[in-house]
Amino acid sequence: MSQKYNAPRGTQDVLPPDSAIYQYIVDTARRVFGLYGYKEIQTPIFEHTELFVRGVGEATDVVTKEMYTFLDKKGRSLSLRPEGTAGVIRSYLEHNLGAQNPINKLYYVGPMFRYERPQAGRLRQHTQIGAECIGSSQPTLDVEVIAMFQNFVGSLGLKDVTLLLNSLGDNNCRPKYREALQNYFKDNLPNLCHDCNERFQKNPLRILDCKNESCQAIVQKSPVMLDYLCDDCKAHFDTIQKSLTELNIKFTLAPLLVRGLDYYTRTLFEFQVSTLGAQNAIGGGGRYDNLIEELGGAPTPALGFGSGIERLALTLKAQNITPQQSTKSPVTLVAQGKNCIQRIILLSEELRQKGIPVELDHRFGSFKSQLKFADKLGSSHVLILGENELAKNVILLKTMSNGEQREIPLDQIITTLFS
Ligand code: HAM
């Protein structure tokens, strides 16, 4: 019985030529992040569920609704990572990276998993490029991280990217804001959705992030954190805004921006584009000065961001940006007959060792069909070996652009192709 298999809902295959766009995005990130001193970290795709519950927050949608959680054969609860920060911090603590460097700048590239309702730009498996800077509360780093993201999207060639900025305060000032929010929402509880009624107790800030229209109407008039910042948080936020202005990085204050993860403190930012519809965030992040202590480490300030490659790729396409392909067009080797085929197999490896891309039509049909194959690949040159040429120790070099054909000695191919 034949069975048809499809990729699971909310996942996608990345096929050529689109895979070149993904590669371009990752290559650009690696190059730009390197300019700022970031080094790559790789952490597992699954972690103990508890890490995300504690790290990301038990009242977040990501933890309550979206995690792929399973028991392993020993009954341990594990979850596919819904985001990268918690795993990086777990690794930072486990390997005591703070003792080796006062400031650790780490980036990662890899899949994240969230059981969300799939739509354009929202997948159940998406790929994030993320960066975390651990070890300093200096606002210069908030500015540097934002500038790095800006540099990254600028280097990709993206236009019309909007930066939203907010501050969520710290342990000193946020409790007062939380109280103000509860006071405001308590009269509106009957008009808030079931989830928001639960959020009201656990973390009223999460109500600000509710997508429900009737909740949003209430949220629009709620108090904002910027009015509650303590002197230190205000000074921190003012310095960032001043530096961004000096760097000519435009931003819009978004006093109701909270983002979907509970670990944020102080600076919060999101980069948006208009071409993606509802899923308009191509990246976002902020400070999380309490997370390391929350996960069992010494109090250590940190910040970072994550950016979805799929959304970046959609934006590049919507803006008609095609990555410059630096790949050289291949040389195709053509042969017929056992001896000639054997000889061009040797030759193909020799050429590749010299850095020349080589293709062969491994079906080894007629010369005509092999030349058609070369043409379809866009080969610059074709090398043709028949019994006559082999007997004379030569090969035919055909230049595809003008159809010219000449005989060259087999042992002079490399010098000829390089000259
Ligand atoms: P996040 O905003 O949840 O933050 O995700 C970062 C980015 O990943 C989003 O801006 C979006 O581009 C992409 N993304 C998220 N979910 C999906 C999805 N379902 N489908 C497609 N793309 C998606 C974080 O995950 C934080 N860990 C970022 C961070 C790092 N904050 C501090 N350090």
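Atoms within each ligand, like the ligands themselves, are counted from 1 in listed order. Please read all numbers here as calculations on a predicted model, not as lab measurements.
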Exercise. Evaluating non-hydrogen atoms only, which member of Tyr264, Phe269, Phe271 is closest to atom 29 (C) of ligand 1?
Worked result: Tyr264

For this session: From the options His126, Met112, Glu116, select the one whose nearest heavy atom is closest to atom 14 (N) of ligand 1.
Result: His126

Exercise. Is ligand 1 less than 4.0 angstrom away from at least one heavy atom of Glu310?
Worked result: no

Exercise. Is Glu66 salt-bridged to Arg117, going by a charged N under 4.0 Å from an acidic O?
Worked result: no

Problem set entry | Check: Gly285 main-chain N/O paired with Glu270 side-chain donor or acceptor under 3.5 Å | no

Exercise. Mind checking whether Phe305 has an N or O less than 3.5 Å away from an N or O of ligand 1?
Worked result: yes

For this session: Decide whether the shortest distance between a heavy atom of Gly121 and an atom of ligand 1 is less than 4.0 Å.
Result: yes

Exercise. Where does Glu270 meet ligand 1, judged by heavy-atom distances below 4.0 Å: at the side chain, the backbone, both, or neither?
Worked result: neither

Exercise. Going by heavy atoms, is Gly283 under 4.0 Å from ligand 1?
Worked result: yes

For this session: Kindly confirm or rule out an N or O of Leu303 lying under 3.5 angstrom from an N or O of ligand 1.
Result: no

Exercise. Is any side-chain N of the basic residue among Asp262 and Arg206 closer than 4.0 Å to the acidic one's carboxylate O?
Worked result: yes

Exercise. In terms of atom number and element, which parts of ligand 1 are under 4.0 angstrom from non-hydrogen atoms of Ala281?
Worked result: 10 (O), 11 (C), 12 (O)

Exercise. Any nitrogen or oxygen of Gly308, main chain or side chain, under 3.5 Å from a nitrogen or oxygen of ligand 1?
Worked result: yes

Exercise. Judging by distance only, is a nitrogen or oxygen of Ser307 under 3.5 angstrom from one on ligand 1?
Worked result: no

